[in-house]
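This report refers to the structure that appears directly beneath it.
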There are 2 protein chains.
Amino acid sequence: MSRSSFEESLMQFVEELKDESEMTEKQRRILQASLKLFAAKGFHASSTAEIAREAGVAEGTIFRHYKSKKDLLLAVVAPVLVKFAAPFILKDVRVIFQEQAKKPLAEVLTELYRNRLELIGANEKHVRILLQEAFFHEEIREAMLSTVYQEVKRLAAKLIEERKEAGELRPLPTEAVFRMVLSSLVGLILFKHVTEPEEYAKRSDEEQIALTVDMLLYGIANR
Amino acid sequence: MSRSSFEESLMQFVEELKDESEMTEKQRRILQASLKLFAAKGFHASSTAEIAREAGVAEGTIFRHYKSKKDLLLAVVAPVLVKFAAPFILKDVRVIFQEQAKKPLAEVLTELYRNRLELIGANEKHVRILLQEAFFHEEIREAMLSTVYQEVKRLAAKLIEERKEAGELRPLPTEAVFRMVLSSLVGLILFKHVTEPEEYAKRSDEEQIALTVDMLLYGIANR
DNA sequence: AGTGAAAGTGAGTAATCACTCACTCATTCG
DNA sequence: CGAATGAGTGAGTGATTACTCACTTTCACT
């Protein structure tokens, strides 16, 4: 059920995704208003009446383009999954494996963290909605895990094992190393966007990334 | 506004908290049903009619005890803030600073991670609601940050600086070290409860914690 | 200029929402 | 025993919900 529900609802959705150029003005404004309201108040707390008002559109117009409110949520959210999945898989697969295979690990990690911070900064509201609604909608949660996460993990595992064999990484379990790399990134993102925006801002992104990569590679203990 | 809103709504709430013994049977069942539904579907998607049905109670009974639905949410959530804040501040302040001041850092961290994993495992639904609703309700978000987080940070900063002076920790910025310690913990929790429960379960909690502390202290790189 | 299709509208609908209130029942206390 | 108190009830409230549909407007193409 949930597997096919995911493939039917999300994959179908991604296929049918119009790019912005072939939308009408009003349709674009509906998406924009939904983005704003969903991010601010959440999906269930945002009514279609409010969305229509915010978009300067009749309520009926929403349902002309999206057959239900949930459809509208998916339309807002799906492009981000594509945006996140595609750069991760398409761009970084090249960056990490081809260009950077000879580069030092610290540089690869720095580039990765920089790239992810930028991507999230540029899509803050979308990410917000994605995380919020992943709590409730299994389709979204599963889409995130099975599309983005699993692929990232697969790529990372390969890289980690290569570097382990090359003696650059300690002989630790691959998935533990992966967890640590991801944890550091998530922590960095949380500090920047949630818990301590001002404290974070005392250092530049570059400094924060450099610190994080350094601690990740060499630990916090003195030897 | 938000400062006083926090103090008025949450602090007042915590003061008025009845413990379970002085609740009626029905009141306990209302809280229990709310916990279940809020955790499963979220606050806005759970109706008071549904809560009443789940609790086996008339809808009016809910409003006899809680003057609004939001009041009910706070009643479900507040005890967790107290549970989390109190053990963190009261118990761990002793554990970390008095008993463990002479212990090796690895042991202190291990004890801390073990303790937090247990606490979260025992309150999974509450934590879930707390995080979900922190997205939308500023009072909850601010309560978490200003009560729990700030205090934890203050305590951790002290510990970190002591260990830095003792030469056990590298001379890194305190808040960067704090971020790393917390990131590792959050990552561990996410892997256990969200992304990879099965993968995680291949190793015992103790092993996972030991791995995490090891990577945190000494890094993932070979030297 | 005329036609067909798509875009847009907004009043209307049944369902559901959080919440109220007049009431009953059980318990306690003087 | 009688009065007072508070828990519990469920039908009823107006507001709001997502969604529909008969209709008008816009516009591309002949």
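Letters go in sequence order (proteins before strands), and every chain restarts at 1.
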Interatomic distance where NE2 belongs to B:H65 and P belongs to D:dT9 [whole Å]: 9 Å
Ring-ring centroid check B:F84 B:H126, cutoff 6.0 Å: no
Spacing of A:L73 atom CG relative to D:dA18 atom P, expressed in whole Å: 13 Å
Whole-Å gap separating P (D:dT20) and OH (A:Y66): 16 Å
Interatomic distance, A:F63 CZ vs D:dT17 P [rounded to whole Å]: 12 Å
A:T61 side-chain N/O to C:dT9 phosphate OP1/OP2 under 4.0 Å: yes
Side chain B:R141, main chain A:V194, donor-acceptor under 3.5 Å: no
Phosphate contact (C:dG8 OP1 or OP2) by A:T24 side-chain N/O below 4.0 Å: yes
Value in whole Å for how far the P atom of D:dA7 lies from CZ of B:R29: 17 Å
Residues in side-chain contact (heavy atoms from CB on, under 4.5 Å) contact with A:A33, at least two apart in sequence or another chain: A:I51, A:E54, A:A55
Euclidean distance, atom CD1 of residue B:I62 to atom P of C:dT20 [Å, nearest integer]: 13 Å
Residue pairs fulfilling salt bridge (charged side-chain N to carboxylate O under 4.0 Å, His left out) with at least one residue in residues 182-193 of chain B, sequence neighbours excluded: B:K192-B:D205
Side-chain N or O of B:K26 closer than 4.0 Å to phosphate OP1/OP2 of D:dG8: no
Nucleotide C:dT27, atom P - distance to CD of B:E25 in whole Å: 14 Å
Atom pair CD1 (A:I62) and NZ (A:K69), whose distance is rounded to the nearest 0.5 Å: 10.0 Å
Value rounded to 0.5 Å, distance of CD1 in A:I209 from CZ in A:R203: 14.0 Å
Electrostatic pair B:K202-A:E175, nearest N-O below 4.0 angstrom: no
Close approaches to DNA chain D from residues 41-59 of chain A, in residue order (heavy atom, under 4.0 Å): A:S46, A:S47, A:T48, A:E59
Out of C:dA18, D:dA18, D:dA22, whichever nucleotide has its closest atom nearest the side chain of A:R64: D:dA22
Euclidean distance, atom CG of residue B:L72 to atom P of C:dC17 [Å, nearest integer]: 15 Å
